[in-house]
There are 2 protein chains.
Amino acid sequence: MLKAQFDHSNCSDCPIRHRAVCAHCDAHELEELEDIKYYRSFEAGQTIIWSGDQMNFVGSVVSGIASLTQTMEDGRTQMVGLLLPSDFVGRPGRESAPYDVLATTDVVMCCFRKKPFEELMNHTPHIAHRLLQMTLDELDAAREWMLVLGRKTAREKIASLLSIIARRDASIAPKGKSAPIVFDLPLTREAMADYLGLTLETVSRQISALKKEGVIELEGKRHVTIPDMRRLMDEAGDDSDGGFLN
Amino acid sequence: MLKAQFDHSNCSDCPIRHRAVCAHCDAHELEELEDIKYYRSFEAGQTIIWSGDQMNFVGSVVSGIASLTQTMEDGRTQMVGLLLPSDFVGRPGRESAPYDVLATTDVVMCCFRKKPFEELMNHTPHIAHRLLQMTLDELDAAREWMLVLGRKTAREKIASLLSIIARRDASIAPKGKSAPIVFDLPLTREAMADYLGLTLETVSRQISALKKEGVIELEGKRHVTIPDMRRLMDEAGDDSDGGFLN
DNA sequence: AAGATACCTTGACTGAGATCAAGTGGAAAT
DNA sequence: ATTTCCACTTGATCTCAGTCAAGGTATCTT
């Protein structure tokens with residue numbers, strides 16, 4: 001069903017057209033991409049790519065959320081990337097995947113066979129340049145996350161994660177700064193724990209605590225309301241006037 | 001003194017010629033780079049770039065070690081990158097620096113004024129392509145580090161850091177796998193702590209413990225011998241046959 | 001030579017988060 | 001309707017690393 005929704009779809013109608021790796025492409029370049037692209041759907045929980053496997057495609061997340069995950073032999077796991085719509089998966093020039101890629105929700109991906117994509121990239125500076133931009137952004141995000149993992153308390157970690165998810169959804173929010181932000185958590189408590197370097201019990205306790213103190217409101221287990229974004233960002237230990245609110 | 005050593009030097013004699021952002025450049029491109037490059041030296045402990053400052057240059061570390069560091073308002077700090085010779089500093093297209101860049105040892109940098117470099121990059125795919133490669137490598141390193149920060153014990157963290165430094169110096173080592181690896185720690189205990197998300201006391205204790213158990217040997221506070229690399233990698237919690245030893 | 005400084009080590013105690021365990025609630029399966 | 005299952009919550013206890021404090025050692029200053 002989901003698949004059909006995107007099959008044969010034209011790039012110009014694509015929801016991630018202006019943010020994905022193809023964002024800077026002109027009409028001609030887009031045609032070349034259309035020739036080698038295909039869509040694939042994955043159900044929540046499915047593994048999209050296994051660490052160590054041959055990678056014969058690269059691609060963009062069109063809808064849904066995927067995660068990059070590293071696992072130690074004894075089972076400890078750490079999420080090392082959260083892939084949102086428009087994010088790119090795979091590395092041109094690399095043979096095998098360094099991490100597991102998991103579908104956290106149902107996911108649709110726009111895939112390109114790796115070889116043709118690499119060739120296309122070599123004579124299409126627009127793609128290479130956009131990929132560089134996106135990679136630099138991801139590197140910044142990874143480094144921000146290193147501060148969270150290395151130095152923040154459990155409470156600050158949770159608040160940081162909620163801030164990030166809220167910020168992403170806030171683009172739709174009205175101008176008024178004080179308007180409450182509402183969203184659904186796309187992650188289980190366990191996935192949050194794997195992202196934050198915590199146990200799921202600690203995640204649960206901290207969410208309960210933030211709820212009890214009115215920093216967040218919860219309806220069911222996933223539906224979150226942030227009455228005061230500034231308060232949440234204080235709890236995250238971020239500079240309260242940094243970036244998001246001005 | 002250090003400065004003179006590199007002033008007016010020709011790119012073809014440069015120690016990082018084949019690994020830096022200029023690695024793929026041909027003779028003509030190198031000439032263009034020579035026109036806009038200049039060298040700067042920094043003493044150990046000096047700040048190379050302040051977070052938030054205007055960045056009017058980008059460049060490569062030629063010798064020495066620098067670090068990218070993030071600091072919270074209350075003083076907690078996390079190192080988010082370790083810059084070794086050939087590593088690139090700065091982001092084309094960005095105005096202000098997102099992190100502090102500190103000289104951990106004496107450092108020599110090969111700098112390019114940002115504007116000319118950006119223009120040069122636009123019509124020099126060799127540079128853009130190499131920068132993409134390097135950025136993807138850094139992203140991998142950052143993600144590997146996220147596993148260390150999020151899921152490893154203090155002991156594993158120290159062993160991981162020692163492995164990384166040892167691996168870097170091991171390129172010079174003879175073929176025989178069992179040959180002990182010897183190097184000097186380029187970081188203070190505090191810098192190690194900032195890299196690992198620990199306190200300096202914990203770093204000191206874990207190093208003492210590894211020494212007592214014969215995993216490492218110490219001469220003075222900085223001179224390290226690794227009698228058995230495989231043992232160290234076991235302590236790091238890494239797959240013992242992953243990557244380094246085969 | 002004596003003091004100052006920077007870097008490091010070690011000990012005693014504390015506490016945040018992990019671990020172990022039991023229980024809740026809601027949705028799907030039978 | 002009730003069983004099963006999964007995601008989540010909550011409690012009791014434990015432990016690893018943080019905190020606070022004292023002392024050591026090498027180098028630099030005066």
Side-chain angles (χ1 to χ4, degrees), chain A residues 43-46 72 74-78 102 104-105 148-162 184-213 216-224 235 237, chain B residues 43-46 72 74-78 102-106 148-162 184-213 216-224 235 237:
Chain A
E43 281 173 31
Q46 244 189 303
M72 296 171 70
D74 62 6
R76 282 177 282 177
T77 69
Q78 176 66 50
L102 304 173
T104 295
T105 63
V148 173
L149 288 172
R151 292 301 185 194
K152 291 197 177 179
T153 64
R155 185 186 177 95
E156 289 169 333
K157 284 178 176 181
I158 297 289
S160 297
L161 179 56
L162 292 174
D184 281 297
L185 281 171
L187 302 174
T188 65
R189 301 288 186 266
E190 189 179 19
M192 288 190 251
D194 283 345
Y195 201 171
L196 296 166
L198 297 170
T199 59
L200 69 91
E201 292 95 329
T202 298
V203 170
S204 181
R205 274 187 253 271
Q206 294 298 336
I207 287 180
S208 298
L210 289 174
K211 177 185 171 186
K212 194 174 297 173
E213 295 168 35
I216 64 174
E217 287 157 26
L218 262 187
E219 202 174 339
K221 292 154 190 318
R222 299 288 192 92
H223 193 75
V224 179
E235 296 288 353
Chain B
E43 280 173 31
Q46 243 188 305
M72 295 171 70
D74 63 5
R76 282 177 283 177
T77 68
Q78 176 65 50
L102 304 173
T104 296
T105 64
D106 289 344
V148 173
L149 288 173
R151 291 302 185 194
K152 292 195 178 181
T153 64
R155 187 186 176 94
E156 289 169 333
K157 284 179 175 181
I158 297 289
S160 297
L161 179 56
L162 293 173
D184 281 297
L185 281 171
L187 302 175
T188 65
R189 300 289 186 264
E190 188 179 19
M192 288 190 250
D194 283 345
Y195 201 172
L196 296 166
L198 297 170
T199 59
L200 69 90
E201 292 96 327
T202 298
V203 170
S204 181
R205 274 187 255 271
Q206 295 298 337
I207 288 181
S208 297
L210 289 173
K211 176 185 172 186
K212 195 175 297 172
E213 295 168 35
I216 64 174
E217 287 158 26
L218 263 185
E219 203 173 340
K221 291 155 193 316
R222 300 288 193 92
H223 194 74
V224 179
E235 295 288 352

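Each chain gets a letter, A, B and so on, in the order the sequences are listed, and its residues count up from 1.
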* Whole-Å gap separating P (C/dG26) and NZ (A/Lys221) -> 7 Å
* Hey, are A/Arg76 and B/Glu156 close enough for a salt bridge, meaning a charged N less than 4.0 Å from a carboxylate O? -> yes
* Would one find more than 12 heavy atoms of other residues, nucleotides or ligands at under 6.0 Å from atom CD of A/Glu217? -> yes
* A/Arg76 has an atom CZ; how far is it from atom C1' of D/dC16, in whole Å? -> 13 Å
* Structure fact -> Of A/Arg205 and B/Thr188, the one whose nearest nucleotide on DNA chain C sits closer to the 5' end is B/Thr188
* Asked: Is there a donor N/O on one and an acceptor N/O on the other, under 3.5 Å, for the side chain of B/Glu201 and the base of C/dC8?
  -> no
* Asked: Which part of the nucleic acid, if any, lies within contact of B/Ile207, taking any heavy atom under 4.0 Å across all strands shown: a base, the sugar-phosphate backbone alone, or nothing?
  -> nothing
* **Distance in angstrom units between B/Ile158 CD1 and C/dT9 P, rounded** => 10 Å
* Structure fact -> In whole angstroms, the gap separating P of D/dC16 from CZ of B/Arg151 amounts to 17 Å
* To do: Using a heavy-atom cut-off of under 4.0 Å over every strand shown, decide if B/Gly45 touches base, sugar-phosphate, or nothing.
  => nothing
* Is a side-chain donor or acceptor of B/Lys152 paired with a backbone partner of B/Lys157 at a separation under 3.5 angstrom? -> no
* **Sugar-phosphate only, base, or nothing, as touched by A/Arg222 at under 4.0 Å among non-hydrogen atoms** => sugar-phosphate
* Just compare C/dC8, C/dT19, D/dA17 and give me whichever is closest to any side-chain atom of B/Arg189. => C/dC8
* Asked: Charged N to carboxylate O below 4.0 Å: is that the case for A/Glu213 and A/Arg155?
  -> yes
* **Nucleotide D/dT10, atom C1' - distance to NZ of A/Lys211 in whole Å** => 13 Å
* **Ionic contact status for A/Lys211 with A/Glu219, cut-off 4.0 Å** => no
* Using only side-chain N and O atoms of A/Thr199, determine if any of them is under 4.0 Å from OP1 or OP2 of C/dG17. => no
* Could you check how far CD of A/Glu156 sits from P of C/dA16, rounded to whole Å? => 12 Å
* Structure fact -> Here the distance between atom P of D/dA7 and atom CG of A/Asp184, to the nearest Å, is 17 Å
* Asked: At under 4.0 Å between heavy atoms, what does B/Ser204 touch on the DNA or RNA strands: base, sugar-phosphate, or nothing?
  -> base
* Structure fact -> A/Asp194 atom CG is separated from C/dA18 atom C1', nearest whole Å, by 14 Å
